[in-house]
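Have a look at the structure below, then the notes.
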Protein chains: 2
Amino acid sequence: MLTVTSVNVNGLRAAAKKGFVPWLAATAADVVCLQEVRAEPGQLPGEVREPEGWHAVHAPAAAKGRAGVSILTRQKPEEVRIGFGSEEFDTSGRYVEADLPGVTIASLYLPSGEVGTQRQEEKLRFMGEFLIHLDKLRVQAGAAGREVLVCGDWNIAHHEADLKNWKANTRSAGFLPEERAWLSRVFDESGYTDVVRELHPDVTGPYSWWSYRGRAFDADTGWRIDYHVATRGLARRAVSAVVERAETHDLRWSDHAPVTVRYDYEEYGA
Amino acid sequence: MLTVTSVNVNGLRAAAKKGFVPWLAATAADVVCLQEVRAEPGQLPGEVREPEGWHAVHAPAAAKGRAGVSILTRQKPEEVRIGFGSEEFDTSGRYVEADLPGVTIASLYLPSGEVGTQRQEEKLRFMGEFLIHLDKLRVQAGAAGREVLVCGDWNIAHHEADLKNWKANTRSAGFLPEERAWLSRVFDESGYTDVVRELHPDVTGPYSWWSYRGRAFDADTGWRIDYHVATRGLARRAVSAVVERAETHDLRWSDHAPVTVRYDYEEYGA
DNA sequence: CTTATGAGG
DNA sequence: CCTCTTAAG
């Protein structure tokens, strides 16, 4: 069994001061993909920089305090790669890959975007370049007999069931028609599967992000923007998916919740 | 009786969220001089912008979130003046005067300074200009039969008894020989009195500021840098002085403590 | 260590 | 509303 969790920690230093450390100690996951670490490794306390029993690869952004993705694995990766061959984005702390036996697992933090600003254009540029990488990755991995899993905060809700108030958000970054169409290309044309939706086709949500503003969390005014995006062979082996929604405010150490999937994937061999 | 308190609040918005509001409601003071308000009046909650039962005059700095002095009085001042006629400092949120019957009370926030930086030069420029104002103020008030009280954070410890570790601080901003000599000029040549020291000549302290760093407060590693500086006629009428040191961490809403003096001054008539 | 700021989310 | 930043204290 291969259990993988993806979670945007919204600042790993802050999360570590709240409940991230005991959460990590208790998780059954074999691999944890982190987004928005927002720190250089040297700024992190040791218990999250190199947690006992884990191998860690960190891909911080060049800009201090921004973005940053990491992957924690219980067994040492065969290889790790930061970035996806993009001049603009490879130092932006948004993508890292780790090769494990038979499967490549990536942690992705796609730009959030903001309508009418440069940051939305940056998001669209990222999407354009990244789609090419996804295609290449699937083809190369397929040729080598490997599966691919891209976990992360994709910052796009795909369908109406993926956010609470879809009608009010048709012109909001994260639910724009062109963003949704791009995700459809990832899933329908590029040969990847939205694993959590595949396992739970007929529910709204499960949401993985709730704004800190207002009472969004208590009212479950959330978005499903954190995905496990897997090649078909791996997606077929997914046996369960849970969003680890904190049930009390005390346990909420991020505005996102961990998304955990169990894969019945014996090639991983752990 | 005229009771006056001076306190550096280290951000009035933050202090208001801790214990400042109940402290103000409970104080017996007739006049409260505030320093480091660090907000424009419009950013303050009403209960501290115009507290019930008080008249407030606010002198914020032009730079957002910096400095800022205010005076709260139970009776409406005859007149208020912001600044002391300095082109450089009148919009810096460091000085405001209020005329009450028979006495002019000012709230001063002298620059902190930092050795070897521009901010130390700024402090010295302020000191030079301000000494001239103090002389003029004493002369003019004297001619009009008024007393003067300049309360505030002067950011200088005068003598060895005015800070915990004087030997370690002889080259620290706030205890430099030239700063101490300047305070001596204020007290010995300019006709003003250090009211708290006059009432308590033989004690170390009482300190009014303790760094938030380390355990300075618990170890009483403090400085006496908040003063009541009064013309002789008023200083003679001072009957008691207390530094309202918070005894538990819960009650500590600033790194400074209020310095309260009671003046037996019937001319004030309240 | 703490309070502001401004960017980003 | 929250976590970073930098400046100031």
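In what follows, chains are A, B, ... by sequence order, proteins preceding strands, each numbered from 1.
- Partners of Arg245(A) according to the side-chain contact (heavy atoms from CB on, under 4.5 Å) rule, which considers only residues two or more places apart in sequence or in another chain, are Trp210(A), Phe217(A), Asp220(A), Glu247(A).
- Among residues two or more places apart in sequence or in another chain, the salt bridge (Lys or Arg N to Asp or Glu O under 4.0 Å) test is passed with Asp90(A) by none.
- The salt bridge (Lys or Arg N to Asp or Glu O under 4.0 Å) check on Glu114(A) picks up Arg119(A), with sequence neighbours excluded.
- Taking every side-chain heavy atom of Arg213(A) into account, dC1(D) is the closest of dC1(D), dA8(D), dT3(D).
- Across residues 35-45 of chain B, Arg38(B), Gln43(B) each have a non-hydrogen atom less than 4.0 Å from an atom of DNA chain C (numbered order).
- The salt bridge (Lys or Arg N to Asp or Glu O under 4.0 Å) check on Arg185(B) picks up Glu189(B), with sequence neighbours excluded.
- Shown here are the side-chain contact (heavy atoms from CB on, under 4.5 Å) partners of Ala14(B), two or more places apart in sequence or in another chain: there are none.
- Residues satisfying the side-chain contact (heavy atoms from CB on, under 4.5 Å) criterion with Arg38(B), sequence neighbours excluded, are Asn10(B), Glu36(B).
- Within the structure, salt bridge (charged side-chain N to carboxylate O under 4.0 Å, His left out) contacts touching residues 152-173 of chain B (residues at least two apart or in different chains) are Asp162(B)-Arg197(B), Asp162(B)-Arg224(B).
- In the set dA7(D), dT6(D), dG9(C), the nucleotide with an atom closest to the side chain of Lys64(A) is dT6(D).
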> Dot-bracket for DNA chain D: what is it, with Watson-Crick or G-U pairs under 3.5 Å, [ ] where a pair crosses earlier ones, and | for a pair to another strand?
Replying inline: ||||.||||

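- Of the residues in residues 106-130 of chain A, those placing a heavy atom less than 4.0 Å from an atom of DNA chain C are Tyr109(A), Ser112(A), Arg119(A), in numerical order.
- Among residues two or more places apart in sequence or in another chain, the salt bridge (Lys or Arg N to Asp or Glu O under 4.0 Å) test is passed with Glu88(B) by Arg125(B).
- Residues satisfying the side-chain contact (heavy atoms from CB on, under 4.5 Å) test with Lys17(A), not counting sequence neighbours, are none.
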